[in-house]
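These notes concern the structure reproduced below.
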Amino acid sequence: MQKKADLHVHTTFSDSTFSPEEVIQYASKIGLDCIAICDHDVIDGIKPSLEAGEKYGVEIIPAIELTAEKQGSEIHMLGYYINWQDSAFQQKLARLCDQRVKRIYDMVDKLKTRGVNLDAQEVFKLSSKGSVGRLHLARALYKKGFIKTVDEAFKRYIGNGKSCYVGKISLTSEEAIDEIIKVKGIPVLAHPGVMGKDEFISSYVKHGLRGIEVYHTDHPPATARRYEEIAKRYSLLITGGSDCHGLGKGRVLMGTTTVPYELVEALKDAQR
Ligand code: AMP
Ligand code: ZN
Ligand code: FE
Ligand code: FE
């Protein structure tokens, strides 16, 4: 049978409800051969994932999803096969994570002005380690009964541009590409169909972008076709994954978007 990979999976070290062990156990249960651990701005989930991967016989790609911005738009940059043990890289990530904590307090303050009195500690209870973000905040709001669904938190309060949204002081997209290249990783533009800024792609390619996430939970077939074309035009590698957050977004998405193992081999060749 053809080997399958899901190249976009989160753990509890960012905003999934699944620990590395639970992620890999689930991957093994549904018959995935390979997954990439892509937590937001943090690498701490990689080591426990590699260990669990050994135990369950699932190949783990060390990766990251860096939050970045270009001209006021949020962009996510994936980095595959990063040298996650690099200490300068880890220090940079630690600063990004500190800023994420501060931003939660800022969003909690804004929510107060809208009559939503949430204690910031409720958010940190859900994150506990690694990087904290809006999905934790949304889940805390849900848990405390301020909203009926996690999605409602984004629509009413903390979605991009909404009244209680606070942006992250993040890297520029070009800096994100540079950081990934510095640790010998392969920079890949995450879910461009969600970000909606195709006009930036050519400049990313000039800056060293190597791939594009063509297949993704939020890319309908026509969107995936469009990015297949763009990948071909710029000779970019193609990746794809579910962007699974455990139960963080309601249902477990792992394995619902996969790519054939040949694309993993192409990533490996590119890294060499
Ligand atoms: P942050 O990195 O803190 O800005 O948070 C971004 C996270 O929020 C990502 O995991 C997104 O997938 C998630 N997110 C964004 N919009 C929604 C939504 N409408 N429902 C659930 N999760 C969302
Ligand atoms: Zn996330
Ligand atoms: Fe993302
Ligand atoms: Fe993601």
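Quantities reported herein were computed from a predicted structural model and do not represent experimental measurements. First listed ligand is number 1; within each ligand, the first listed atom is number 1.
Counting backbone and side-chain atoms alike, Cys38 contributes no N/O/S atom closer than 2.8 Å to the Fe ion (ligand 4).
When Arg134, His40, Arg103, Glu74 are checked for heavy-atom proximity to atom 9 (C) of ligand 1, His40 turns out nearest.
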Exercise. Mind running side chain to side chain donor-acceptor pair (under 3.5 Å) on Thr217 and Asp243 for me, showing each step along the way?
Key: CA-CA 7 Å; Thr217 301; Asp243 210 349; over 6 Å; no

Quiz prompt | Candidate pair Lys125 and Glu122, rule salt bridge (Lys or Arg N to Asp or Glu O under 4.0 Å), full reasoning | solution = CA-CA 5 Å; Lys125 264 191 224 165; Glu122 294 296 331; 3.1 Å; yes

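Shortest contact from atom 1 (P) of ligand 1 to any protein heavy atom: Lys168 NZ, 3.2 Å. Among all non-hydrogen protein atoms, the one lying nearest atom 7 (C) of ligand 1 is Asp15 OD2, 3.7 Å. Shortest contact from atom 15 (C) of ligand 1 to any protein heavy atom: Phe154 CE2, 3.3 Å. Of all protein heavy atoms, the one lying nearest to atom 12 (O) of ligand 1 is Lys249 NZ, 2.5 Å. With respect to atom 19 (N) of ligand 1, the closest heavy atom belonging to the protein is Asp151 OD1, 2.7 Å.
For Glu175 (side chain) and Thr172 (main-chain N/O), a donor-acceptor pair under 3.5 Å exists by modelled atom type. Proximity of a side-chain donor or acceptor of Arg100 to a complementary backbone N or O of Val132 within less than 3.5 Å is detected.
Here Tyr105 and Phe124 bring their ring centres to under 6.0 angstrom of each other.
Within the protein, the N, O or S atoms sitting under 2.8 Å from the Fe ion (ligand 3) are Glu65 OE2, His76 ND1, His191 NE2.
Of the heavy atoms in His10, none comes closer than 4.0 Å to ligand 1.
Within ligand 1, counting atoms from 1 as listed, the ones closer than 4.0 Å to a heavy atom of His245 are 10 (O). Near Gly133, meaning under 4.0 Å from one of its heavy atoms, ligand 1 places the atoms 3 (O).
Residues Lys155 and Glu152 are not paired through a salt bridge, judged by the lack of any N-O separation under 4.0 Å between the basic side chain and the carboxylate. A salt bridge links Lys168 with Glu74: the distance from a Lys NZ or Arg NE/NH1/NH2 to an Asp or Glu carboxylate oxygen falls below 4.0 Å.
Checking each of His8, Glu65, His40 against His76 for a side-chain hydrogen bond (donor to acceptor under 3.5 Å, both in side chains) leaves exactly one that passes, namely Glu65. The only member of Asp6, Thr256, Thr257 that meets side-chain hydrogen bond (donor to acceptor under 3.5 Å, both in side chains) when paired with Ser242 is Asp6.
Across all their heavy atoms, Ala176 and Leu66 have their closest contact at O-CD1, 3.8 Å.
A distance of 11.5 Å separates CG in Asp109 from CD1 in Ile104, rounded to the nearest 0.5 Å.
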